[in-house]
Amino acid sequence: MHFIDVVLPIPLEKTFTYVVSEKEASFLKTGMRVAVPFGKTKIYTALVYRVHQTLPETYVPKEIDQILDEAPIISEKQLKEWEWIASYYMCSLGEVFKAAVPSAFLLESETLILKNESFNIGEENSLADDEWLVYEALQHQSMLKVQEVSSIIDRKNILPVLKRLLEKNVIHLKEEVYEQYKPKLVRYIKLGNAYTSDEKLSELLASLSNRAHKQREVIMTLFSMEATTNKPIKVKDLEEKSGASSAVVKTLIEKNILEEYHLQQDRIQYEGDKVSSLKDLNEYQASALTKINNHFKTDEVVLLHGVTSSGKTEVYVKLIEKVINEGKQVLYLLPEIALTTQLIKRLQDYFGEKVSVYHSKYSVNERVEVWNNILKSVSKAQIVIGARSAVLLPFSNLGLVIVDEEHEVSFKQFDPAPRYHARDTAIVLASLHKAKTLLGTATPSIESFYNTKIGKYKLVEINRRYGNVLMPDIELTDIKEKHRKKRMTGHFSDRLIEAMQEAIEEGEQIILFQNRRGYAPILECNTCGHSPQCPNCDVSLTYHQYKNQLRCHYCGYAMAKQLACGACGSSELDTKGFGTEQIEAELKEIFPKLKIGRMDSDTTRGKYGYEKIITAFEQQEIDILVGTQMLTKGLDFRNVSLVGVMNADNLLNFPDFRAHERSFQLIQQVSGRAGRTKKRGKVIIQTYNPFHQVLQQASLNRYEELFTDQVNERRQFKYPPFTRIIKIVFKNKDYNKVNEASSWYAKALHTVFDSYTKTEILGPEFPPVSRIRNEYLKNIVIKVPQNQSTKQTKDALRKIDKTFNAIAAYRSVRIIYNVDAY
Ligand code: ADP
Ligand code: ZN
Ligand code: ZN
């Protein structure tokens, strides 16, 4: 007998075995998809993991439903990478599979409702009204979909009706698999086979000459088009050029004079034509490039630490050129899509249609096409730009990975599993391909910089901006003092306003940074102190003035803003704190003549959301752009001379061991948007703590100093890179269950770890926001010392997990493992 083990896109760790015929077994390969029955009625898309002949010991395997692929859709190395992710980040291979493939690859099954022929027509009268409606519909239609039934009986919940109909033998159900991906087909046209000889052709033209001059016109046009190009001729183009209606073309096709055929076309096509040549590097860039190439002779990973606007991108471009000339693939990872707009343009200018983008905002069909192009290693997808999940694509011949803005926290997937770090995964991916990895940033993560210190990565630096533009002049403004002296207008100090006026007079643009969206994070009653909370989460609702709403930033809950306090009825409501909306509103009062733009996740929804704002700002249709950290990321605006940070303190006070590192990075990155071309940029940082160490370091570009401080602190308090953090989150709607389950787990951890290791176990503890979407959360944090194997720790956790799952009382408690948690 022949069997296959398959991976299902679900959180269960093991593979499942199915029976296949000998013929199927010889056809099937690892990485092909099959549809398999699972559970009572479900059909899943599964990935073939192994073909073999060993009967499973504990269960009788079912047969597969059907084979879905002609060839594997994932590559061998990709599967290895996925297995590494599953093992390192403690999730199932199925979860990686699910996260990696475009959803169009995961066929869904759909329940169809069919007439049961054994039902006696005489029993119709026994049917209730709603049952009868379904029955009647099935007399006219051989099968119904669930939604159709729902609209027939005008009700959402149709299960009770279906259940009764099943019991009465009126219907039966069938699961059917359907494919979501539909290739885009374009109609082409050519001369029919019978007419390809000159002789036949003249006969044809003669026969058409008098009676059908329109048809003749079409054929003559097709001729002249074929003479000028070797490319296939589109039906659409032929109709346009010949001025003939589609009816005329159709007649010719029906007469077999013309022949119609279809070709598959990718939905995303690069339309540009001009390909510009690469820029010459200046001496600092050239020397960095040489050093990188030298390191790559012996080492795998290089960190390029180049100040903002030092021209790192041009260095990447040279590296990319070299690798694609060797015929290999390049992966260019970016933290977020916000960045891609400008970068894609830049890379396409150099490499034209070799650039493909893998984008969460692309449709599933578009993503399937990019996937297939990468899998087949076609030149169109030789350079792939993408955010996090692009690291999971089917590369077969990778030569180089660039991780731009390597310090960005958004490279770490938070929810759902796999909770992988795309930078770290990229390094593993590259090593599977024997490819090189370049990490680039102006503000390295402490971990990466530390890795250069211990020789794990090589370090290359560029300390000057391109064109010798000076680093921006960063000024700290004490707003405690300004408040005392009454020099504040709303949230603007007189100093910031003055600098803004100067910039505007010079015709320059301004960026203002505030790390919060909405109008104000808290609405508070002046009489009783009550502030509206989210009913589902343990947080205050944020006031959004634009929509006059209170909104929860955790679950999306929204309600209209009330005029009176919900607790005491007082109408004296006040806001606490401020977000981008409030800054925008204040700006409109202070500078009524200027155009103000706002860039945060409220204004950048939709496929081209970012693009619109970025373009408007580039074309100077916006004078002042207010935004959240989205603004900080690698954007290259020519005319920005001033950057304002509205309030640096809420960055510094964030309860996280990375808060200082992050504050430094954010300030430096957002400052880096100022004065990128001609004159020196200016940055004004408003703060209550102008003497704070980290603000000083950020304003004086003292990265090494920050690094040393951070490393000392982290060594002392046992944080990464000196430990690895595994966070275990317990989730349940029942408060007591979360408490009991997490205590049980902590006890189990202590019995394992206390005796023989230095592993530290913290908690269980409620996080600052301890209820989200009506689920309570409690955390246990494990710190694994540097010199100890995390594999051993994870094995121990897996064991405890197994026992935990066997306890009936805790079955409903969800456990999340987050390795290298932030
Ligand atoms: P970074 O990525 O380091 O912040 P960029 O690569 O965006 O810097 O470069 C900053 C600006 O300088 C860009 O507008 C870029 O076009 C320009 N630039 C960089 N290097 C060169 C070069 N060698 N020749 C011409 N312009 C350059
Ligand atoms: Zn009140
Ligand atoms: Zn909420």
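Residues: numbered from 1 along the sequence shown. Both ligands and their constituent atoms are indexed starting at 1 by order of listing.
- Residue Leu281 has at least one heavy-atom neighbour below 4.0 Å for each of these atoms of ligand 1: 23 (N).
- Looking at Thr441, its side chain never comes within 3.5 Å of a backbone N or O of Glu406 through a donor-acceptor pair.
- Residues Glu581 and Tyr546 are in side-chain contact: their nearest non-hydrogen atoms beyond the backbone lie under 4.5 Å apart.
- At the Zn ion (ligand 2), the angle from SG in Cys528 to SG in Cys525 is 110° when rounded to 10°.
- With a 4.0 Å cut-off on non-hydrogen atoms, Asp280 touches ligand 1 through its backbone and not its side chain.
- Both the backbone and the side chain of Lys312 come within 4.0 Å of ligand 1, judged by heavy-atom distances.
- Open room surrounds NZ on Lys547; 12 or fewer heavy atoms of other groups in view lie less than 6.0 Å from it.
- The aromatic ring centres of His305 and His407 sit 6.0 Å or more apart.
- Closest to atom 11 (C) of ligand 1 by heavy atom, among Gly311, Ser309, Gly467, is Ser309.
- Each of the atoms 2 (O), 5 (P), 6 (O), 7 (O) of ligand 1 lies under 4.0 Å from some heavy atom of Thr313.
- Residue-environment remark: NZ (Lys561) exceeds the threshold of 12 foreign heavy atoms within 6.0 Å.
- The angle subtended at the Zn ion (ligand 3) by SG of Cys555 and SG of Cys534 is 100°, given to the nearest 10°.
- Aromatic ring orientation, Phe449 versus Phe707: perpendicular (interplanar angle above 60°, classes split at 30° and 60°).
- The two residues Arg388 and Ser410 have their closest heavy-atom pair at NH1-O, 2.8 Å.
- Every heavy atom of Arg465 sits 4.0 Å or more from the atoms of ligand 1.
- Remark: the backbone N or O of Leu706 is not paired with any side-chain donor or acceptor of Glu704 at under 3.5 angstrom.
- Distances from the Zn ion (ligand 2) show that His530 has no N/O/S atom below 2.8 Å.
- For ligand 1, the atoms lying closer than 4.0 Å to a non-hydrogen atom of Arg638 are 14 (O).
- The angle subtended at the Zn ion (ligand 3) by SG of Cys552 and SG of Cys537 is 120°, given to the nearest 10°.
- Contacts of Gln285 with ligand 1, taken as heavy-atom pairs under 4.0 Å, involve the side chain alone.
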